[in-house]
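Convention: sequence-line order gives letters A, B, ...; per-chain numbering from 1.
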2 protein chains.
Amino acid sequence: MTPQTTEAVDDYLKAILELGGPAEEAVSSNALASHLGVRAASVTGMLQKLALREPSFVVYQKHYGVRLSDAGKRRALEVIRHHRLLERFLHDFLDYSWDEVHEEAERLEHYISERLEDRIAAKLGDPASDPHGHPIPEKDGAIAPRNEVQLIHWPCSVPAGISSVSDRDPVELREMKRLGLLPGTKVVVEPGSRTGSILVRIGSGQPTRLTLPLASGVLVSGVTE
Amino acid sequence: MTPQTTEAVDDYLKAILELGGPAEEAVSSNALASHLGVRAASVTGMLQKLALREPSFVVYQKHYGVRLSDAGKRRALEVIRHHRLLERFLHDFLDYSWDEVHEEAERLEHYISERLEDRIAAKLGDPASDPHGHPIPEKDGAIAPRNEVQLIHWPCSVPAGISSVSDRDPVELREMKRLGLLPGTKVVVEPGSRTGSILVRIGSGQPTRLTLPLASGVLVSGVTE
DNA sequence: GTCATGATTTAGCTATGCCTAAATTAGCAC
DNA sequence: GTGCTAATTTAGGCATAGCTAAATCATGAC
Ligand SMILES: [Mn+2]
Ligand SMILES: [Mn+2]
Ligand SMILES: [Mn+2]
Ligand SMILES: [Mn+2]
């Protein structure tokens with residue numbers, strides 16, 4: 001920064017990256033509006049500016065959604081790297097619990113210098129993921145693709161490992177921690193679904209019933225063994 | 001924040017506190033303009049807003065300068081506490097040199113939460129001063145008054161201790177470090193002034209000639225020995 | 001006391017980013 | 001093809017915080 005980007009611009013770029021998904025599909029104004037908590041008209045205004053900017057951060061087609069340009073994607077990944085490094089740092093060095101880190105990182109990610117980013121990464125020994133299991137992009141933006149699936153879409157009786165959990169809701173995070181739903185933990189979905197919940201064996205414990213809102217925040221992948 | 005104050009507002013309040021001096025004299029628009037690097041007209045506009053605000057941050061009298069209100073002083077001291085805690089943290093935990101800390105802290109001071117402030121203070125063991133020797137206000141804003149004098153105004157042959165150094169110019173800071181001009185160091189001004197420099201014995205070394213710009217950034221007080 | 005001068009304020013603009021209300025458009029039903 | 005409706009954009013405002021140029025004010029010299 002030295003206002004190369006602003007907090008608002010950063011947050012739009014991150015949102016476009018996240019909502020575009022791995023296929024980097026075009027993102028609608030409405031989707032951005034509801035994700036960012038602003039009105040659709042505000043989104044249109046911002047997208048026009050982001051497209052006009054030199055260098056352009058997005059490719060924007062009126063009525064057909066928006067995609068990141070290379071420059072936009074680069075900045076989005078840089079901000080995400082800041083965010084996840086900060087979360088890990090706050091958690092590991094400053095006694096933040098995993099439900100407290102997100103809010104603080106969401107603000108600071110826009111304001112730390114490259115120097116501070118580097119020092120934090122060095123202090124942490126270049127960690128690969130944040131406390132919720134999300135991968136930390138490399139300095140050059142490289143980020144290993146993952147085959148994650150929501151736990152609620154994982155087949156019964158097939159062992160899986162938790163790869164990450166949603167970090168948006170502190171209440172959910174505290175509940176997950178209490179139940180042992182941590183990245184790296186092995187889980188098996190047991191037969192016994194009902195509307196509104198699934199039955200899951202967590203680690204080596206007894207099967208536990210998880211509400212769908214909670215379970216949908218848990219992403220898993222196959223256990224390689 | 002959650003914009004209770006903005007970065008600009010914070011920086012105006014800090015500037016009024018600093019320029020007002022220990023006697024908290026009224027500060028002129030011009031002084032603020034040159035300190036903050038903005039035009040005098042911009043200062044007038046901001047002072048009007050700060051005075052109108054509820055609760056008011058300043059007492060502003062057209063053409064006669066501005067003073068902080070209690071609320072303004074409280075916020076100014078809080079931001080200064082953030083700044084100095086951050087400087088000490090960056091220096092002690094993240095390998096920043098003492099000429100690098102100021103710039104980073106100047107930005108982050110506006111964006112850390114009360115929680116992060118507290119965790120940093122705890123991690124550091126509630127330090128009393130930043131790397132340049134400036135006192136860190138307590139959480140309630142209390143800050144011990146000091147009897148500092150610029151080294152260039154200290155009498156010859158009377159031993160003094162460096163209490164703090166100006167942290168604005170990284171080049172000067174590196175030079176000071178090289179010469180051993182650190183907070184806590186004992187100094188004696190030797191007879192031998194010329195226009196443009198003074199002769200100073202630093203610690204137990206040989207007398208060294210210091211340029212006035214450099215020496216004017218060094219504040220000392222009597223040694224209570 | 002009057003005036004000149006420098007300090008300060010006012011007036012009028014710009015840019016960012018948000019909002020509401022009023023068009024407009026895309027895309028589907030028929 | 002014609003409409004309908006929901007999505008989206010446009011138009012017009014507001015707040016923050018800066019700027020320049022043009023007043024205006026305070027003060028010291030006389
Ligand atoms: Mn953010
Ligand atoms: Mn996270
Ligand atoms: Mn600042
Ligand atoms: Mn300092």
Side-chain angles (χ1 to χ4, degrees), chain A residues 1-16 19-20 25-67 72 75-76 79 106-107 109-111, chain B residues 1-16 19-20 25-67 72 75-76 79 106-107 109-111:
Chain A
M1 303 232 275
T2 310
Q4 175 131 321
T5 58
T6 61
E7 178 159 355
V9 167
D10 283 351
D11 284 340
Y12 273 87
L13 297 178
K14 276 205 311 179
I16 296 166
L19 296 175
E25 288 169 61
V27 177
S28 74
S29 297
N30 255 10
L32 282 168
S34 91
H35 186 86
L36 293 168
V38 300
R39 296 317 180 94
S42 308
V43 171
T44 299
M46 179 62 99
L47 295 184
Q48 289 168 342
K49 273 185 292 191
L50 293 180
L52 235 62
R53 221 191 90 95
E54 197 52 55
S56 170
F57 272 152
V58 303
V59 178
Y60 170 51
Q61 279 204 79
K62 232 188 188 190
H63 288 109
Y64 293 92
V66 71
R67 288 186 158 85
R75 177 61 188 169
V79 176
E106 189 62 39
R107 224 173 332 102
E109 63 186 1
H110 312 287
Y111 300 108
Chain B
M1 302 229 276
T2 308
Q4 173 128 323
T5 58
T6 61
E7 178 159 357
V9 166
D10 283 351
D11 284 340
Y12 273 87
L13 298 178
K14 276 206 310 178
I16 296 167
L19 295 174
E25 289 168 60
V27 177
S28 74
S29 297
N30 256 10
L32 282 167
S34 91
H35 186 86
L36 293 168
V38 300
R39 295 317 179 95
S42 307
V43 171
T44 299
M46 179 62 101
L47 296 183
Q48 289 168 343
K49 273 185 291 191
L50 293 180
L52 234 64
R53 219 192 92 95
E54 197 53 56
S56 170
F57 272 151
V58 302
V59 178
Y60 170 52
Q61 278 204 78
K62 232 186 187 190
H63 292 287
Y64 294 91
V66 70
R67 288 184 159 84
R75 177 61 188 169
V79 176
E106 189 63 39
R107 224 173 331 102
E109 63 187 0
H110 313 286
Y111 300 108

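- Of the residues in residues 44-53 of chain B, those lying under 4.0 Å from DNA chain D by heavy-atom distance are Met46(B), Lys49(B).
- The shortest side-chain heavy-atom distance between Asp11(A) and His35(A) does not fall under the 4.5 Å cut-off.
- The shortest side-chain heavy-atom distance between Ile16(A) and Val66(A) falls under the 4.5 Å cut-off.
- Put simply, CG on Leu36(B) is 18 Å from P on dT16(D), counting in whole angstrom units.
- The side chain of Tyr60(B) places an N or O atom within less than 4.0 Å of a non-bridging phosphate oxygen (OP1 or OP2) of dT9(C).
- Note on Arg39(B): a side-chain N or O is less than 4.0 Å away from OP1 or OP2 of dT20(D).
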Protein-nucleic acid N or O pairs under 3.5 Å, nucleotides 23-28 of chain D:
none

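- Rounded to whole angstrom, the span from the CD atom of Gln61(A) across to the C1' atom of dG27(C) amounts to 16 Å.
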Output a table of donor-acceptor pairs, distance under 3.5 Å, between side-chain atoms of residues 55-64 of chain B and any protein atom two or more places apart or on a different chain; print 'none' if there are none.
| from | atom 1 | to | atom 2 | distance (Å) |
| --- | --- | --- | --- | --- |
| Ser56(B) | OG | Ala51(B) | O | 3.2 |
| Ser56(B) | OG | Val58(B) | N | 3.4 |
| Ser56(B) | OG | Val58(B) | O | 2.7 |

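- Of the residues in residues 25-35 of chain A, those with a non-hydrogen atom less than 4.0 angstrom from any atom of DNA chain D are Ser28(A), Ser29(A), Asn30(A).
- The residue Ala40(B) sits close to a base: some heavy atom pair falls under 4.0 Å.
- For the atom pair Gln4(B) CD and Arg75(B) CZ, the distance stands at 7.5 Å (nearest 0.5 Å).
- A distance of 8.0 Å separates CG of Asp10(B) from NZ of Lys14(B), quoted to the nearest 0.5 Å.
- Residues satisfying the salt bridge (charged side-chain N to carboxylate O under 4.0 Å, His left out) criterion with Lys49(B), sequence neighbours excluded, are absent altogether.
- Listed by chain and residue number, nothing satisfies the side-chain contact (heavy atoms from CB on, under 4.5 Å) test with Ala41(A) (two or more places apart in sequence, or in another chain).
- Atoms CG and CD, on Leu19(A) and Glu25(A) in that order, are 11.0 Å from each other to the nearest 0.5 Å.
- Here dG17(C) presents its P atom at 11 Å from CG of Leu13(A), a figure rounded to the nearest Å.
- Proximity of Val38(B) to Tyr12(B): side-chain heavy atoms (C-beta onward) are separated by under 4.5 Å at one or more points.
- The line from OG1 of Thr44(B) to CG of Asn30(B) is 9.0 Å long, rounded to the nearest 0.5 Å.
- Distances shown here put every side-chain N or O of Tyr12(A) at or beyond 4.0 Å from the OP1 or OP2 atom of dT16(C).
- Applying the 6.0 Å contact sphere to CZ of Arg53(A) captures more than 12 heavy atoms from other residues, nucleotides or ligands.
- Checked against dT9(C), dA17(D), dT16(C), the side chain of Thr6(A) finds its nearest nucleotide in dT16(C).
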